[in-house]
Trainee: 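Once you've had a glance at the structure underneath, I'll fire off some questions.
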Amino acid sequence: MSPSDSAAHPVKPGQVFDRETEWADLMGFACDPCPGATLGLVSGQQRQGKTFLLEAVAKAVGGFYFDGQAAAEAETLHRLAARFGEHTERRIHHAGGAGRMPWTPCWSWATSARSS
């Protein structure tokens, strides 16, 4: 990333100690001007600050962050729908039985929400 690229990105908050390289890489991803939905996956050792860093990035760019904590599938989908609805200020309606959601229509709606 060139210095002019990093100047256009949000500044790393003071509570994020060190992590300049990780912040720059994540800002490059989060601020990518390419159209369409993107999905980022971050992995690493436990207790190393991944969640803290990703929450800070999402907040800095007005993005959406959802932690995929271990839970039953229906509970996770319900949490995801609720959090995404809060983020977009739209209500996501659950359809189908036993907590199932129609993911094709939801995915189409979610990806179109990024450009609106």
Side-chain angles (χ1 to χ4, degrees):
M1 177 183 328
S2 72
S4 62
D5 291 339
S6 63
H9 297 160
V11 175
K12 181 174 65 84
Q15 70 268 25
V16 177
F17 178 74
D18 202 13
R19 303 289 184 137
E20 279 79 12
T21 300
E22 293 89 345
W23 183 263
D25 289 346
L26 289 168
M27 279 295 117
F29 172 80
C31 297
D32 183 353
C34 294
T38 55
L39 173 67
L41 301 174
V42 175
S43 65
Q45 294 180 338
Q46 291 182 342
R47 312 297 304 162
Q48 298 297 312
K50 295 177 297 296
T51 298
F52 181 75
L53 185 61
L54 291 171
E55 287 174 340
V57 167
K59 183 176 181 179
V61 300
F64 175 69
Y65 172 81
F66 179 77
D67 58 354
Q69 295 178 354
E73 180 182 0
E75 180 184 345
T76 299
L77 295 177
H78 178 76
R79 285 182 51 233
L80 175 59
R83 288 286 320 275
F84 190 72
E86 290 169 9
H87 175 74
T88 60
E89 297 179 352
R90 295 180 182 178
R91 183 177 173 144
I92 297 177
H93 299 280
H94 294 258
R100 296 187 184 271
M101 296 179 67
W103 280 107
T104 301
C106 284
W107 181 253
S108 298
W109 175 84
T111 56
S112 69
R114 180 177 177 187
S115 61
S116 61

Trainee: Looking at every non-hydrogen atom in both residues, tell me the closest pair between P10 and W23 and how far apart they are.
Mentor: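 Of all heavy-atom pairs spanning P10 and W23, the closest is O-NE1, 3.3 Å.
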Trainee: Can you tell if the side chain of D25 reaches within under 4.5 Å of the side chain of R19, non-hydrogen atoms only?
Mentor: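 Of all side-chain heavy-atom pairs linking R19 with D25, none is under 4.5 Å.
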Trainee: If you compare all heavy atoms of M27 against all heavy atoms of A60, which two are closest, and at what distance to 0.1 Å?
Mentor: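 Reported closest heavy-atom pair: CE-CB, 4.3 Å.
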Trainee: Checking K50 side chain against Q45 main chain: does a donor-acceptor pair fall under 3.5 Å?
Mentor: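 Flag set: sc K50 to bb Q45 pair under 3.5 Å.
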Trainee: Looking at residues at least two apart in the chain, or sitting in another chain, which of them share a side chain to side chain donor-acceptor pair (under 3.5 Å) with D18?
Mentor: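 With neighbours one apart ignored, the set is empty.
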Trainee: Determine, step by step, whether D67 and R79 satisfy the salt bridge (Lys or Arg N to Asp or Glu O under 4.0 Å) criterion, reporting the C-alpha distance in whole Å, the side-chain angles of both residues, the deciding distance to 0.1 Å, and the verdict.
Mentor: CA-CA 10 Å; D67 58 354; R79 285 182 51 233; 2.9 Å; yes
Trainee: Might you point out which heavy atoms bring L54 and Y65 nearest each other, and give the distance in Å?
Mentor: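 Smallest interatomic distance, heavy atoms only, reads CB-CE1, 3.5 Å.
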Trainee: Going by side chain to side chain contact (heavy atoms under 4.5 Å, CB included), E55 matches just one of V57, L53, T51. Which one?
Mentor: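 Among V57, L53, T51, the one meeting side chain to side chain contact (heavy atoms under 4.5 Å, CB included) with E55 is T51.
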Trainee: Which pairs pass ring pair (Phe, Tyr, Trp, His ring centres under 6.0 Å) with one or both residues in residues 38-64, sequence neighbours excluded?
Mentor: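 Listed by first then second residue: F64-F84, F64-H87.
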Trainee: Is there side-chain contact between F29 and V61, with heavy atoms separated by less than 4.5 Å?
Mentor: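 Counting from C-beta outward, F29 and V61 never come under 4.5 Å.
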